[in-house]
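This structure is a prediction, so every number in the text was calculated from the model and none was measured. In what follows, chains carry the letters A, B, and so on, assigned in the order in which the sequence lines appear, proteins first and then strands, with residues in each chain numbered from 1.
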Amino acid sequence: MLDIKKIREDADGVRKGMTAKGVDAEVVDVVLKHDGARRSKLFEVEELKAKRNAVSKEIGAKKKSGEDTSDIQAEMRNLGECISSLDQEVEDISGKLHEAMLTMPNLPHETTPVGNDESANKVVKEVGEKKTFDFEPKGHIEIGEKLGIIDFPRATRMTGAGFPMLVGQGARLERALIAFMLDMHTKEHGYTEIAPPFLVNSESMIGTGQLPKMAEDMYKITEDDLWLVPTAEVPVTNIYREEIIEQELPIYLTAYTPCWRREAGAAGKDTRGMIRVHQFDKVEMVKFVKPEGSYDELESLLQNALDVIERLDLNYRILSLCSGDISFAAAKCYDIELWAPGQDDWLEVSSCSNFEDFQARRAKIRYRDANGKPQFIHTLNGSGVALPRIMVAILENNQQEDGSVILPEALVPYMDGLIKLTC
RNA sequence: GGAGAGGUGGCUGAGCGGUUUAAAGCGGUGGAUUGCUAAUCCAUUGUACUCCGUUUAGGGGUACCGGGGGUUCAAAUCCCCCCCUCUCCGCCA
């Protein structure tokens, strides 16, 4: 959520930001209209309440000394009715204001490239060479099925398309990757591991910005009014919802969770294989930091994710996403993409974002500044990294002509010394 | 799921319709005193919104005693619904 004061003071700047994010700037005028109306009504009703409080106190005193107060009480009954109808008006206006505010995306940071869609994303850096083969490289589906480590047909029968099942060494590789990443983030990057709930309530989804906008992209358990997490960002960021954090900052947290996404708007896109699925595993990193250094923290967060990829000997490129392509809540976002020879395309395996105080404002997460005053903190998160696509990258980059796959050295200890997946 | 007991400021804990502007203690902050540690004394002490003022400072008001409704001139206090915690019972990996 944006700061209402910022919208009042710099309406034009906010309009510009909305436009850059691909949102109709008219929302600014809607917000300002409701804000003005709310403030004047609030002033009106608060004056009446002050009067009521004073008179009620008088009544108490008069009753004590035995005076008759029925006249003033009757008068106050009318005042009470005025107050409750004004209260209702204030509540209605506040509701509309809040609703409008919740639909406003975060403003892009000044270093975020301006643009409408992914064509305006900027390649910041490309590291490593695309692998070349002296045979025709296969896609991960063929490789995986031949190795017997992925079973799409049975998973589809059991659940439906987009819910892949890993088998044997495939399941083991998944677990190895998770353990490898968590170990790296906890032992080398200073993160504390969290094993959070996989279902959260609506307040948490609003807190990180998934609701209201992304409702139809998520799975909902209607009966209990809970949602399946689309990313560990949600439960982990919401750990401190409605708190003033008293412990020392920054706080670095990492968590493995499955992620569930309905991918409602993506029907027919990448439907085969593991590129775009309804359930996938991910290791996520989340940071709670003071505002001053949050952009340095974004750079180090990105590096934490890159360390995973470099250790697995994969080539990659980093994109700085443009204003129209970054997520609703983000001010700045880097994507990390891996080259997948079987797809002949880049695969996004991580998004590292700075949300500044946007999520903190929604989720009411604060810290105390040097003067002891509560202030909204800055939150950041990044995938560290998403599992199916890194699995795809490993299978497709490390495939041999005979169909076997050589495992990255860093994973060998996690695979009980296995160096190669074979049929 | 059933029965009972609870949920009050950073913490402990009183209050159970109107001198509560939420007692008292602990803690925190500032000051006084004192070889040090410590003790003692004095003062102070939350959050959000809002209005006035403003270079700063400041001053007023409203709301907040788990959450949401209701009764009343007046609710921490009475009534209803919900959430959470604890104890016992039931069910259960």
Side-chain angles (χ1 to χ4, degrees), chain A residues 1-9 31-102 195-207 211 220-227 235 238-249 251 258 288 357-377:
Chain A
M1 190 135 57
L2 298 175
D3 185 354
I4 183 70
K5 290 191 199 109
K6 163 111 181 138
I7 302 173
R8 282 177 201 151
E9 285 160 16
V31 162
L32 287 176
K33 189 188 88 189
H34 291 319
D35 179 50
R38 175 180 163 274
R39 286 207 281 174
S40 71
K41 280 288 170 207
L42 194 61
F43 182 62
E44 205 178 315
V45 72
E46 284 185 352
E47 276 191 318
L48 295 184
K49 283 182 179 173
K51 184 176 176 197
R52 180 174 68 183
N53 286 346
V55 174
S56 290
K57 200 175 258 182
E58 260 176 58
I59 291 173
K62 285 187 175 167
K63 283 207 162 177
K64 194 145 275 182
S65 59
E67 284 182 58
D68 176 55
T69 57
S70 46
D71 284 359
I72 341 179
Q73 281 190 33
E75 206 179 300
M76 284 300 103
R77 201 167 302 140
N78 286 332
L79 185 67
E81 277 162 26
C82 277
I83 288 173
S84 40
S85 93
L86 277 172
D87 264 344
Q88 189 58 52
E89 283 184 56
V90 170
E91 197 183 312
D92 290 348
I93 298 169
S94 300
K96 283 183 198 158
L97 173 64
H98 190 66
E99 215 173 280
M101 296 275 288
L102 284 180
F198 298 162
L199 283 81
V200 299
N201 55 33
S202 296
E203 288 73 24
S204 295
M205 286 296 186
I206 290 170
L211 286 180
K220 183 165 194 196
I221 313 290
T222 313
E223 196 164 8
D224 296 291
D225 202 21
L226 294 171
W227 304 79
N238 275 284
I239 288 173
Y240 294 108
R241 175 154 57 85
E242 287 156 50
E243 286 192 31
I244 297 172
I245 299 176
E246 303 288 356
Q247 75 191 84
E248 205 184 321
L249 296 174
I251 296 171
F288 301 85
D357 64 6
F358 187 84
Q359 292 183 325
R361 213 172 268 285
R362 289 181 160 236
K364 298 184 182 68
I365 306 171
R366 291 172 294 171
Y367 76 106
R368 290 187 191 279
D369 66 14
N371 300 319
K373 282 280 150 208
Q375 304 285 356
F376 290 113
I377 58 160

5'-most contact on RNA chain B (nearest-nucleotide basis), A/R8 vs A/Q73, goes to A/R8
Among the nucleotides B/rU50, B/rG69, B/rU62, whichever has the atom closest to the side chain of A/E91 is B/rG69
By nearest-heavy-atom nucleotide on RNA chain B, the more 5' of A/K64 and A/E47 is A/K64
Taking the P atom of each, how far is B/rC82 from B/rA24, in whole Å?
-> 38 Å
Does A/K41 put a side-chain nitrogen or oxygen below 4.0 Å from OP1 or OP2 of B/rU50?
no
Under a 3.5 Å limit on both distances, the Watson-Crick or wobble mate of B/rC65 is none
Under a 3.5 Å limit on both distances, the Watson-Crick or wobble mate of B/rC36 is none
| Counting just side-chain N and O atoms, does A/R39 come under 4.0 Å of either OP1 or OP2 of B/rC51? | yes
*Integer angstrom distance from the P of B/rG69 to that of B/rG58*: 34 Å
For B/rC41, the nucleotide meeting Watson-Crick or G-U wobble distances (both under 3.5 Å) is B/rG31
- Give A/K62 one of three labels, base, sugar-phosphate or nothing, depending on what nucleic acid heavy atoms sit under 4.0 Å from its own. nothing
Applying the 3.5 Å cut-off to both distances, the Watson-Crick or G-U partner of B/rU85 turns out to be B/rA5
By the Watson-Crick or G-U definition, both distances under 3.5 Å, B/rU19 is matched with none
Just to be sure I understand the rule, does A/I72 reach a base, reach only the sugar-phosphate, or reach nothing, if contact means heavy atoms closer than 4.0 Å?
nothing
Checklist entry - Has A/N53 got a side-chain N or O lying under 4.0 Å from the OP1 or OP2 atom of B/rA63? => result yes
_Between A/S84 and A/D87, is there a side-chain donor-acceptor contact under 3.5 Å, judged purely by atom types and distance?_
no
Taking atom C1' in both B/rC84 and B/rG67, what distance in whole Å separates the two?
10 Å
When both distances are under 3.5 Å in a Watson-Crick or G-U wobble arrangement, the nucleotide paired with B/rG10 is B/rC26
Side-chain contact check for A/K63: nearest option of B/rC73, B/rA48, B/rC49 is B/rC73
Whether A/R362 side chain and A/L102 backbone form a donor-acceptor pair below 3.5 Å:
yes
When A/E46, A/E89, A/E91 are each screened for salt bridge (Lys or Arg N to Asp or Glu O under 4.0 Å) with A/K41, the one that passes is A/E89
For a quick test of reading the model: is some side-chain N or O of A/R52 closer than 4.0 Å to OP1 or OP2 of B/rC73? no
Mate of B/rC78 across any strand shown (Watson-Crick or G-U wobble, both atom pairs under 3.5 Å) is B/rG70
Of the listed B/rU50, B/rA48, B/rG18, the closest approach to the A/R366 side chain comes from B/rA48
Inset, instruction - Check the pair A/N201, A/S204 against side chain to side chain donor-acceptor pair (under 3.5 Å), reporting the backbone distance first and the verdict last. - result: CA-CA 6 Å; A/N201 55 33; A/S204 295; 3.1 Å; yes
